[in-house]
Amino acid sequence: MTTTLEEIKQPQPQQQQTFQLLSIDYNYSNHYAIVKFKNNPVNSFTIPFMNEIINSIKILNQDKLIYSIIFISELKNIFSAGLDLKSMFNVGEEKFKVFWSTLQNLFLEIYSCKKFTIALINGQCLAGGCLFALCCDYRMLLKPFKIGLNETQFGLVAPWWFAKTLQNVIGQRKTEYHLQLGSLLSTEDALSNGYVDEIFNNFNEMLENAMNQQVLKFNKQVVQKAKMETKWMLRRELIEKFNEEERVRDLEYAWSFVGSEFVQNALGKYLSSLSSDHFEYEEAIIIINSFHLTKQHYKKCNLFHHQFATSTAVKELKFSFCNSLYNRHGNHHREHEDHNHDGEDELLPTPKVLVTPPSHDRNVHHQASSPENAKSLESSNSAANQQIINNIEQAKSTRLEERKKRREKSTNYLHQPLEQRIAVLEKYFGVKPEPGKSIPNLTKEQLVQLLQMEDLVEQRALFDFANSITEAVYGTRVYFRGIIEFSNVCQKDCMYCGIRKHMKELKRYSMPNDEIVEQALWAYENHFGSIMLQSGELNTKKRLDNLCEVIKEIKEKTGGGDNPHDYNKGLGIALGVGELSKEDYQRLFDAGAHRYLLRIETSNPELYRKLHPNDGNHQWEVRKKCLEDLMEVGFQTGTGVMIMIPGQTLEDLANDLLFFKEIGADMIGMGPYIKQDNTPIGKLWEELYANVDMKEYNRNLFRLSLKMVALARILMKDVNISATTALQAINPAGREIALNSGANMVMPIITPTKYRVDYQLYQGKPCIDDTKEECKQCLTDRVKWSGKQLTLDDWGDPIHYFNKRGVNLPSNYYEKRPTSNLIYITLVDREIT
């Protein structure tokens with residue numbers, strides 16, 4: 001006989017226990033309950049939290065009116081970050097075994113739960129959090145979050161029962177692959193590999209689907225007892241294998257590993273490093289981007305405390321996690337994995353205010369190095385632990401003193417009006433600089449002197465002056481250009497490039513036309529004003545015909561078919577497909593493309609010849625003629641160079657800037673030269689810089705690149721200048737800083753993820769594992785953090801193009817143009833003042 005709600009007279013079990021770290025919502029009419037995790041800050045599995053989950057499952061297992069359980073997180077952007085590392089450090093064997101046995105209990109409780117369980121993964125789902133989700137009967141994942149058992153990225157080995165659970169879900173072969181790599185899978189990859197059953201763009205849609213489709217399906221279409229028996233039959237083998245005897249063996253093995261002196265010392269260093277009052281913006285922004293966290297989340301506690309270390313600690317611990325972290329967000333040299341920006345950010349326009357944790361939060365969440373914990377370590381017999389504490393305290397004292405000096409210097413600078421700040425540049429310019437007014441007549445000698453500038457106050461003044469010019473022309477607008485890298489097939493053999501003809505090991509691809517159009521339509525639907533179709537250079541008739549067809553179809557499907565060059569009509573299309581004939585450029589223009597990027601690479605013909613084969617297919621004069629042809633056809637024409645490529649001088653860079661001005665470039669895209677393995681120039685670079693301090697090299701390279709961006713803006717006030725991806729590769733906050741130093745454009749990659757690994761022009765290119773949704777979100781956040789305003793649904797054509805042709809701007813060009821009342825106050829200014 002079925003029990004009805006009216007027949008229940010006694011209080012239900014859930015009313016007899018109070019939960020602190022989770023809550024339960026009941027829906028008896030539809031026979032399900034929702035368990036909401038709220039263990040701040042990242043739902044890490046502490047003993048109290050795990051016990052509450054265990055008790056909640058037991059209560060719901062006993063409730064005859066509940067057939068299904070939905071697990072969800074109340075915390076924004078995080079489902080669970082996995083095990084609590086503090087529970088494994090300096091706690092002794094007995095306490096550790098209590099923690100580990102609680103984890104075992106949690107696993108058995110959720111894996112053997114009689115009810116139909118659904119994990120609504122509405123945030124990042126890592127390590128132990130992923131295990132919990134895998135134990136559920138059904139998993140739904142919200143974009144753009146990731147899921148995975150990433151233990152190997154920390155130098156750890158997942159227990160056999162973690163591995164077996166994953167194997168039961170995705171199969172033996174995929175388990176071997178992903179568990180060894182410690183994969184964190186994007187939303188789409190998680191679906192295709194079987195980690196999850198459905199993915200969603202919208203949280204409400206996901207919740208609605210869980211409650212009204214999956215729950216009702218299992219609650220009403222099956223006999224509950226038969227369902228429970230079937231589940232037990234399928235899961236019985238693993239449950240029985242994980243018996244009491246096996247649990248004891250697992251406990252002993254876990255303690256022998258975690259309790260070892262090496263691991264304990266490593267954890268001590270790691271947790272103690274988190275107590276530093278000096279949180280580097282670049283390191284923090286990497287983690288914020290990885291998790292798409294808000295600054296409020298970061299200030300509440302910091303993911304450092306649970307799964308992530310500062311870069312210095314990572315190197316000391318020899319955790320390999322830094323590899324994947326920096327590969328994604330900005331490390332292109334393996335030897336540079338300890339990249340530490342102490343002192344590097346002095347007087348750079350960096351929005352550090354977003355990541356400075358409140359002092360009271362540090363007291364709460366960094367107990368591992370509090371005075372009480374330090375005393376307990378001092379009383380330890382371990383000399384290694386004592387040495388760790390001494391080193392940490394000394395390093396902390398040094399960092400605090402250095403930070404105080406930097407802050408005083410920054411404060412003195414930023415308290416001055418902009419006019420006074422930039423006055424130091426008069427000795428370089430020969431005239432007194434005025435905020436917002438360009439100086440277009442700088443000579444080569446002046447530019448060389450500015451590129452040689454070493455004083456940090458003068459460099460910051462240069463960046464601020466350039467930013468004032470940008471905002472005088474464009475306001476705080478930043479334009480999006482979605483890049484679609486549609487083919488890596490290339491007939492050129494440039495000796496520095498990762499897709500050159502002679503990269504024989506490279507897997508070549510060309511996207512089908514309909515797939516290119518699909519990405520373009522996604523960009524249009526997501527309010528991108530423009531896209532760039534980019535590829536290796538291939539001047540065949542088939543390539544040109546296909547490209548013309550693609551351009552026309554994109555224009556027609558986005559409303560720009562009638563007159564494709566009407567401003568903001570349909571999706572704006574830029575091209576970057578290399579050297580073609582003037583007739584071919586005309587065909588592409590007539591098809592509807594209106595913007596073209598062709599990097600000259602260097603304005604020095606002799607250096608150009610050294611960087612390319614002498615085969616008649618790589619001629620500087622031909623490339624220059626192509627730029628001239630593009631302008632005559634009517635394209636808005638962009639060009640650029642590599643910075644600090646072997647053989648280049650500061651005189652070359654000064655000439656590059658003058659070349660941009662002389663040829664009348666409308667857009668400029670410059671980036672630091674980053675070596676690519678297995679290329680002739682890459683090997684030359686290694687010979688030249690084998691014994692160089694890479695941290696210092698990258699600092700100089702980054703600042704020189706910023707100077708080039710700033711000087712381009714000072715010379716050419718109304719061009720568009722890109723904050724390039726390569727800047728992010730050598731400084732994780734590179735693009736944000738560039739946006740405050742003269743740049744006004746960012747270019748998120750929207751190439752399907754499956755192709756990105758095969759389109760690496762240089763080593764360590766950021767974002768190759770990301771989805772287009774993640775790239776869009778990442779750069780949206782970066783623009784926001786830089787204090788600028790992202791401009792959507794707008795082609796964002798360079799004003800220079802119209803001015804040099806003597807034509808009026810489109811009538812709708814300035815509609816809703818954003819401006820700033822604090823044009824010369826950056827985020828770091830607001831923090832200090």
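Reckoned from all heavy atoms, side chains included, excluding hydrogens, waters and symmetry mates.
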> So, Asn202 side chain and Asn204 main chain: donor-acceptor pair closer than 3.5 Å or not?
Replying inline: yes
> Would you say Lys231's side chain and Cys113's backbone share a donor-acceptor pair under 3.5 angstrom?
Replying inline: yes
> Can you list the steps and then say if Asp781 with Gln777 is a side chain to side chain donor-acceptor pair (under 3.5 Å)?
Replying inline: CA-CA 6 Å; Asp781 291 341; Gln777 183 62 52; 3.0 Å; yes
> What are the two closest non-hydrogen atoms of Leu103 and Met50, and how far apart are they?
Replying inline: CA-SD, 3.6 Å
> Would a distance-only check, ignoring hydrogens and angles, find a side-chain to backbone donor-acceptor pair under 3.5 Å from Asn39 to Ser44?
Replying inline: yes
>> Please check if the number of heavy atoms outside Glu237 that lie under 6.0 Å from its CD is greater than 12.
In response: no
> Ile53 versus Ile110: any side-chain heavy-atom pair under 4.5 Å?
Replying inline: no
>> So for atom NZ, which belongs to Lys241, do other residues, nucleotides or ligands contribute more than 12 heavy atoms lying within a distance under 6.0 Å?
In response: no
> Tyr195 ring centre to Arg139 NZ or CZ under 6.0 Å, with the angle to the axis within 45°?
Replying inline: no
> Of the options Val196, Leu141, Ile121, which is the one that meets Thr187 in a side-chain contact (heavy atoms from CB on, under 4.5 Å)?
Replying inline: Leu141
>> Can you confirm whether Lys114 is buried at NZ, in the sense that more than 12 heavy atoms of other residues, nucleotides or ligands lie under 6.0 Å from that atom?
In response: no
> How far apart are the closest heavy atoms of Asn43 and Phe49, and which atoms are they?
Replying inline: O-CE2, 3.7 Å
> Ser29 and Asn27: side chain to side chain donor-acceptor pair (under 3.5 Å), yes or no, with the steps?
Replying inline: CA-CA 6 Å; Ser29 60; Asn27 188 321; 2.7 Å; yes
>> I need the single residue from Leu184, Ile147, Leu131 that forms a side-chain contact (heavy atoms from CB on, under 4.5 Å) with Cys125. Which is it?
In response: Ile147
> Does a sphere of radius 6.0 Å around OH in Tyr253 hold more than 12 heavy atoms from other residues, nucleotides or ligands, not counting ones at 6.0 Å or beyond?
Replying inline: no
> Can you name the closest pair of heavy atoms from Cys135 and Thr165 and give their distance?
Replying inline: SG-CG2, 4.1 Å
> More than 12 foreign heavy atoms under 6.0 Å from CD of Glu245: is that the case here?
Replying inline: no
> Between Asp770 and Thr753, what is the shortest heavy-atom contact and its length?
Replying inline: O-OG1, 2.8 Å
>> Quick check against the 3.5 Å criterion: does Glu93 have a side-chain atom that pairs as donor or acceptor with the backbone of Trp255?
In response: no
>> So does Glu176 get a backbone contact from the side chain of Gln180, meaning a donor-acceptor N/O pair under 3.5 Å?
In response: yes
> Do side-chain atoms of Asn209 reach the backbone of Glu205 as a donor and acceptor pair under 3.5 angstrom?
Replying inline: no
> Which atoms form the tightest heavy-atom contact between Ala33 and Ile24, and what is the distance?
Replying inline: CB-CG2, 4.1 Å
> Has the side chain of His31 got a donor or acceptor atom that lies under 3.5 Å from a matching backbone atom of Ile66?
Replying inline: no
> Within the distance-only criterion (no hydrogens, no angle test), does the side chain of Thr117 pair as donor or acceptor with the backbone N or O of Asp137 below 3.5 angstrom?
Replying inline: yes
>> Using a 6.0 Å cut-off, check whether atom CD of Glu240 has over 12 heavy atoms from anything other than its own residue.
In response: yes
> Is it true that Lys143 and Glu774 have a side-chain N and a carboxylate O under 4.0 angstrom from each other?
Replying inline: no
> Just one of Trp100, Phe242, Trp161 clears the side-chain contact (heavy atoms from CB on, under 4.5 Å) bar with Arg247, so which one?
Replying inline: Phe242
> Do Val35 and Leu60 come within less than 4.5 Å of each other through their side chains, counting heavy atoms only?
Replying inline: yes
>> Consider ring-ring contact (aromatic ring centres under 6.0 Å, His included). Of Phe107, Phe37, Phe162, which one does Phe132 pass it with?
In response: Phe37
> Any ion pair linking Arg249 and Glu246 (charged N to carboxylate O, less than 4.0 Å)?
Replying inline: yes
>> Ignoring hydrogens, what is the shortest heavy-atom contact between Phe45 and Gly129? Give both atom names and the distance.
In response: CE1-N, 3.9 Å
> Do Asn193 and Tyr177 have side chains that get closer than 4.5 Å, going by heavy atoms?
Replying inline: no
> Can you check whether Val91 reaches Phe99 side chain to side chain, under 4.5 Å on heavy atoms?
Replying inline: no
